[in-house]
Amino acid sequence: MMVPLALLAIGGLVAALAPRVLARADWPDREPVLALWVWQCVVAAVLLCCALAMALSAAAAWAEVRGNVFAPAPSGVMEAYSLAGYGRWAAPLAVILACGAAWTAAMLTREVRAARADRRRRRAGLRERSPRLPGEEPGGERLVLLEGDRPEAWLLRGGRPPQLVITTSALRRLNDAQLDAVLAHEQGHARARHHWLLHCSGALAHGFPQVPVFAAFRDQVHRLVELAADDAASRRFGRLTTALALVELNEERGAFGPGRSQLGQLPGRVDRLLAPAPRLTVARRLRLTATAALVPVVPLLVTFIPGLSALGR
């Protein structure tokens, strides 16, 4: 039972320490893409610890599972794990972890279905507000213009290609360069598949609200994907243009005044664009990338060390 318990201890340690370490770091806002990678590695390590502990506990509890788990292993490897010594706690632990895995899959399915339903509602509203003309080909346009008093712009996924929907009010407020920056921002989200990160983080946070690392992962993903998309737009059209586009789109919604709880990130995003902090050096970025990639390797090493030791004897 030592290996599953060690895996769960490692998962708990990573889940407890990683959010605190990342919250104290001064570089995530300067390198949002790297910060997203680090968060993904942390969460992957926690989930991997649980999955491997479930597999070993189930193998100890049930012969059928044991045969499948150790089927490709050479002789002597299974004996190195001392599965017979796991005792009566193996089956309950495996069942609990399996229920957690099934619940995670259910929450992810719910998130994806809710996102698809929202896209269908948006498309239905788009067809109602902007009906196609006779003979017009559906889905070929990249930009859809809607009559509206509020400056709004969003990317409607699910089509080929994704469509940028913009209101006439936004079009009046934005110049050509700012409009291009808004389009580049939304395309940055689409190219990086940020919606899948949002789905996964939301599923974990909603499925396990008592686990702080998943709530922190969701909150940071929502923040960091916007920073990453801002950087994608600013690299093409400049930081000032991107910042002005954000201001023009959100000023009327009170984003820069009192009572801005829902849009509280926008002033910080604008300040970040106008007064950017220096990026990390390439060497430090590589070190952080490699260090984060090693975090999920730790549970794999803990799991395979007994088997590898048996092969070495």
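Shown here for Leu22 and Pro28, the closest heavy-atom pair between the two residues is O-CG, 4.1 Å. Considering every non-hydrogen atom in both Ser57 and Leu93, the closest pair reads OG-CD2, 3.3 Å. Here the closest heavy-atom approach between residue Pro306 and residue Val3 is recorded as CG-CG2, 4.0 Å. The minimum heavy-atom distance between Ser234 and Leu273, with the atom names listed, is CB-CD2, 4.1 Å. The shortest non-hydrogen separation linking Gly11 to Val46 is O-CG2, 3.8 Å. In terms of heavy-atom proximity, Trp37 sits nearest to Ala292 at NE1-CB, 3.7 Å.
With sequence neighbours left out, Asp149 forms a side chain to side chain donor-acceptor pair (under 3.5 Å) with no residue at all. For the side chain to side chain contact (heavy atoms under 4.5 Å, CB included) test, no residue two or more places apart in sequence or in another chain qualifies with Arg20. Remark: Asp29 pairs with Arg223 by the salt bridge (Lys or Arg N to Asp or Glu O under 4.0 Å) rule, at least two apart or across chains. For Asp118, the salt bridge (Lys or Arg N to Asp or Glu O under 4.0 Å) partners two or more places apart in sequence, or in a different chain, are Arg121, Arg122. Scanning for salt bridge (Lys or Arg N to Asp or Glu O under 4.0 Å) contacts around Arg173 gives Glu248, Glu251, Glu252, with sequence neighbours left out. Taking Asp180 as the reference, nothing meets the side chain to side chain donor-acceptor pair (under 3.5 Å) condition, with sequence neighbours excluded. Partners of His189 by side chain to side chain donor-acceptor pair (under 3.5 Å), not counting sequence neighbours, listed by chain and number: His185, His194, Glu226. Residues satisfying the side chain to side chain donor-acceptor pair (under 3.5 Å) criterion with Glu31, sequence neighbours excluded, are Arg279. Considering only residues two or more places apart in sequence or on other chains, Arg113 meets the side chain to side chain contact (heavy atoms under 4.5 Å, CB included) condition with Thr109. Among residues two or more places apart in sequence or in another chain, the side chain to side chain contact (heavy atoms under 4.5 Å, CB included) test is passed with Ala53 by Pro4, Leu7, Leu8, Leu97.
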Output a table of donor-acceptor pairs, distance under 3.5 Å, between side-chain atoms of residues 205-216 and any protein atom two or more places apart or on a different chain; print 'none' if there are none.
| unit_1 | atom_1 | unit_2 | atom_2 | d |
| --- | --- | --- | --- | --- |
| His206 | ND1 | Glu111 | OE2 | 2.7 |
| His206 | ND1 | Gly202 | O | 3.1 |

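Judged purely by atom type and a 3.5 angstrom limit, Thr167 has no side-chain atom pairing as donor or acceptor with the backbone of Glu147. Between the side chain of Arg66 and the backbone N or O of Ala60 there is at least one donor-acceptor pair closer than 3.5 Å. Within the 3.5 Å criterion, the main-chain N or O of Leu204 finds no donor-acceptor partner in the side chain of Arg218.
For Trp62, the CH2 atom is densely surrounded, since the number of other residues' heavy atoms within 6.0 Å is greater than 12. Within 6.0 Å of atom CH2 in Trp27, more than 12 heavy atoms from other residues, nucleotides or ligands are found, so the atom counts as buried in its surroundings. In the displayed structure, Trp154 atom CH2 is contacted under 6.0 Å by more than 12 heavy atoms of other residues, nucleotides or ligands.
Within the model, atoms CD1 of Ile10 and OG1 of Thr303 stand 8.0 Å from one another, a figure rounded to the nearest 0.5 Å. For the atom pair CG (Leu227) and CD (Gln220), the distance works out to 9.5 Å, reported to the nearest 0.5 Å. Going from atom CZ of Phe217 over to atom CG of Leu36 covers 8.0 Å, rounded to the nearest 0.5 Å. Distance check: Asn250 CG to Arg150 CZ gives 9.5 Å after rounding to the nearest 0.5 Å. In this structure, CG in Leu198 is found 5.0 Å from NE2 in His222, a value given to the nearest 0.5 Å.
Annotation: side chain of Arg30 is in contact with side chain of Asp26 (closest heavy-atom distance under 4.5 Å). Looking at Val182 and Ile166, their side chains never come closer than 4.5 Å, going by heavy atoms from C-beta outward. At least one side-chain heavy atom of Leu244 sits less than 4.5 Å from a side-chain heavy atom of Leu240. At least one side-chain heavy atom of Arg272 sits less than 4.5 Å from a side-chain heavy atom of Asp231. Between Gln40 and Leu197, the closest side-chain pair of non-hydrogen atoms falls below 4.5 Å. Within the 4.5 Å cutoff, side-chain heavy atoms of His195 are placed close to those of Arg193.
Evaluation of the side chain to side chain donor-acceptor pair (under 3.5 Å) test over residues 282-292, restricted to residues two or more places apart or in two chains, returns none.
Criterion: ILVMFWY side-chain heavy atoms under 4.5 Å apart, direct or through other members. Under it, Val14 and Leu17 are not part of a common hydrophobic cluster. There is no path of hydrophobic side-chain contacts, each under 4.5 Å, that joins Val33 to Val38. Ile305 and Leu5 are members of different hydrophobic clusters when ILVMFWY side chains are connected at heavy-atom separations under 4.5 Å. Under the 4.5 Å side-chain heavy-atom criterion for ILVMFWY residues, a single connected hydrophobic cluster contains both Leu288 and Leu224. Residues Trp103 and Val95 fall within the same hydrophobic cluster, defined by Ile, Leu, Val, Met, Phe, Trp and Tyr side chains chained together at heavy-atom separations under 4.5 Å.
For the side-chain contact (heavy atoms from CB on, under 4.5 Å) with Asp230, the lone residue among Val270, Leu246, Val225 that qualifies is Leu246.
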Between Thr104 and Leu108, does a side-chain contact (heavy atoms from CB on, under 4.5 Å) hold up when you go through it step by step?
CA-CA 6 Å; Thr104 301; Leu108 180 58; 5.6 Å; no

Go through Arg239 and Leu274 one step at a time and tell me if the side-chain contact (heavy atoms from CB on, under 4.5 Å) criterion holds.
CA-CA 6 Å; Arg239 290 182 173 272; Leu274 295 178; over 6 Å; no

